[in-house]
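To start, the structure under review is shown below, and the notes come after it.
First the proteins, then the strands, lettered A, B, ... as listed; each starts at 1.
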Amino acid sequence: MLALFKLPQSSTMAPNIDNLFNFILWVSIVSFTIIVVGLIVFVLKYHRRRSDPEKTPYIEGHTPLELSICTVLFVLLMGIFAWGWIDYAKIITPAQNAVEINLIGRQWLWELEYSNGRKLTNELVIPKGKPVTLIMSSADVIHSFFVPAFRLKQDVVPGAYTQLNFTATEIGIFPAYCAEYCGTAHSGMIAKVRVVEPEAFEKWQQIWEIEQQLGEDSRGDRPVAPTATTEKPEARGQRIYAEKGCSACHTTTGQPLVGPSFKGLFGKQEELADGKKTTVDENYLRESIMDPQAKLVKGFQPVMPTYKGQLSDEEVNGIVAFIKSLKN
Amino acid sequence: MAHASYLDKKGLWSWLSTVDHKRIGLMYFWTSMGFFAIGGILALLVRLELMFPGQTIIDPNLYNKMFTLHGAIMVFMFIIPIIPAALGNFFLPILIGAKDVAFPRLNLASYYIFVTGAALAVIAILNGGVDTGWTFYTPYSIRSATSVVLTSLGVFIMGFSSILTGLNFIVTVHKLRAPGMTYFSMPLFVWAIYATAIIQVLATPVIGITTLLLVMERVLGIGFFDPKLGGDPVLFQHFFWFYSHPAVYIMILPGMGIVSEVIPVFARKHIFGYKAIAYSSLAIAFISFIVWGHHMFVSSQSPLANFLFSILTMLVAVPTAIKVFNWTATLYKGSIQLATPMLYALAFIFLFTIGGLTGLFLAALSVDVHLHDTYFVVAHFHYVMMGGTVMGLLAGIHYWWPKVFGKMYPEKLGKLAWGFIFLGFNMTFLPQFYLGKMGMPRRYHDYPVEYASLNFVSTVGSWSLGIGFAIMFSYLIWSLYRGKAASANPWNGKTLEWQIPSPPTEHNFEETPVITAGPYEYGVRT
């Protein structure tokens, strides 16, 4: 009756995480057995029926024994810590050539957007064997994107970007849950992660791109006009750059004006007005749009107005994508 | 009753105006046990909803309120006050040979503050309840349409009760020990309550400030935590866990203290490694302040913070393991009597060991990325809080029942209830480890069908727990009226409470006792 469900190992990190899990499990089983066998043997052997309550030995303790237990335990614990840290460091390090996909969590669905502007809801299609980085933010409360088959999760926080890096190793469809409680339909906030062959992934994107150019569905049953919603994030960013007046102060040529130029900005080390250093990443850009004076680059005046409340999450993603495209 | 007892004075006013630590302890006891019953019924309803996939008995919004109330009631109104404020109040002064706590009136004031806070929380429940989870994570708690403000004010006020009780106990331990009682001849329960009191005094103000900031943000729109108002939602988690992690040790240390009292008496042995146990209580209290970030490994906290919090968390395992080892070693060559308090103490070691070991999985960074916020965590903290603290509490209740009320509980029924509770507990929570490893997130109203069979088992287990507690409550109440009269020292214990009548007189000791021997002088010196 108890048909126990087994979880597949479908990312490069899944076997590592399971290995450490199993190691700790064995350490636990051995320690637990020692304690429980001790309890049972002592209770049976020294039960009141077989012992005299007035003639027990007087034992206050055994310091060398306590200290050796501490030492062994300490070494073991540091080993577990180091193992966990090494794998964790791999999890949080994004690959250079990763496929970047934007994810927005909102009560109660997941919105995905690819760099070509293609949008999906509650469905994430990714190529097998290729590193993927999700650049995630939330439109309302905290969510957490959790793919059990990959053994990975990361909170999705409003007002900031978080990242989740993984490489899928198995073709198939895997559920992604919301792991941070977010209200009424928390348990219904489920996305499908569809892992396909890299060639199929390329084709899947190409067909869609051609459809977009033709302006209609290739099956001809549904006309699709290229609207703002199917704009590439990069193109959306460029449009906002012109519309919202960014271009007045920020050039795309490398020449600083009132503010730093966008060309070559992403990934650069900047020295701040207070002498600290920072690397320009997604979160820095987002913060500088919403709260421009928080980390002012040295040599510039604190004159930029805040765009808080004026740009949607999608529009901010667009500007970030636009600045990224000007990396070189 | 041949002697005058602290219970002799009758009438409601004699209770409401008492400054006797024993009576105040009893008032805390019944209040908290009442909340335990409510929290327990909520838990049974939550499990019933989860018995089958899909909606079983209640809709998601009501379900969310129920698990929130279950958590908030159990944490703030039961498990934090029950051992220190109820059993601690009653026994701490007696165990050190004092006539009362250092500040008896402040002690009564703490009780009324607690009741005021609890009343606010109850009003919040009647006003529609809260649906944020007991953790009140922002910005959800800023935007939730439920009674967050009233509940947080309730938590804020109850916090003061905890601080004042802690303060009272610290001063009592330092100033009111009987002549001859050195720090290292205090019973270990006193050490545990002392370590707990330090955490209560130092950590509780932080939850007070945090709930106040939450109220200010909700009422006045000041943006501390909601990014829409310019705040940082993750900051709230730091504030919250800066209190709530040490609070975990406010919950478990007193339970450990009780186990350290019960085992020597029922094994007729000196406690193994007295100083190691006392020092490990202090070590746990200290480390508890610097591990809060292990609740936030996937919150977007920096990798450096994760590194430090993971390594520090590992360290807690050392003093904890030492305690478990010492309790077990105390049984060696003893003369073990399996009375109900001892059965609960053994259950404590068994279940708490599982709770502690499963903490290792969650402290290891990479594994926590998978297990965080799944049922594995739910199972882990229930093994610690219920398998640990509640088993310790039940050991204490049965151990001290004859002293508190002068009546024996029925031993056979005690063992029967123990059986239902021990088996039911494991049946409820063991499957949840597996569910979590398979990826079932916590706070789920509904779940995919592959998780169905183990959820069913877990729900059936909760009924066994319910039956066990129902039997226990019934025979305890029954014993107050029909129980056999208890002698002064039914367990033949060597600590001070057993050297005075059952129930004690109003001033505990007719003459100030002079301490010449340690609390665990069992066995024959060779």
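- Residues A:Arg151 and B:Val369 are not in side-chain contact: their nearest non-hydrogen atoms beyond the backbone lie 4.5 Å or more apart.
- Of the possible polar contacts, none joining the B:Glu450 side chain to the A:Phe5 backbone as a donor-acceptor pair under 3.5 Å is found.
- Per-residue counts of heavy-atom pairs under 4.5 Å with chain A were compared for B:Asn326, B:Thr330, B:Thr374, B:Asn492; the largest is that of B:Asn326.
- In this structure, OH on B:Tyr434 lies 8.5 Å from CG on A:Leu7, to the nearest 0.5 angstrom.
- In this structure, a donor-acceptor pair under 3.5 Å is absent between the side chains of B:Arg268 and A:Thr56.
- Side chain to side chain, B:Glu521 and A:Tyr58 meet the donor-acceptor criterion of an N or O pair below 3.5 Å.
- With a 4.5 Å cut-off on side-chain heavy atoms, A:Val157 and B:Pro233 count as touching.
- A:Tyr88 and B:Asp368 share no donor-acceptor pair across their side chains, judged by distance under 3.5 Å alone.
- Geometric assessment of B:Lys437 against the ring of A:Phe21 yields a positive cation-pi assignment under the 6.0 Å and 45° thresholds.
- Using a 4.5 Å heavy-atom cutoff, the side chains of A:Met78 and B:Met314 are in contact.
- When each of A:Leu20, A:Ile80, A:Ile24 is checked for a side-chain contact (heavy atoms from CB on, under 4.5 Å) with B:Phe361, only A:Ile24 meets the rule.
- Side-chain atoms of B:Pro441 and A:Tyr181, non-hydrogen and from C-beta on, never get closer than 4.5 Å to each other.
- Remark: the A:Asp155 side chain and the B:Ser299 side chain contain no N/O donor-acceptor pair separated by less than 3.5 Å.
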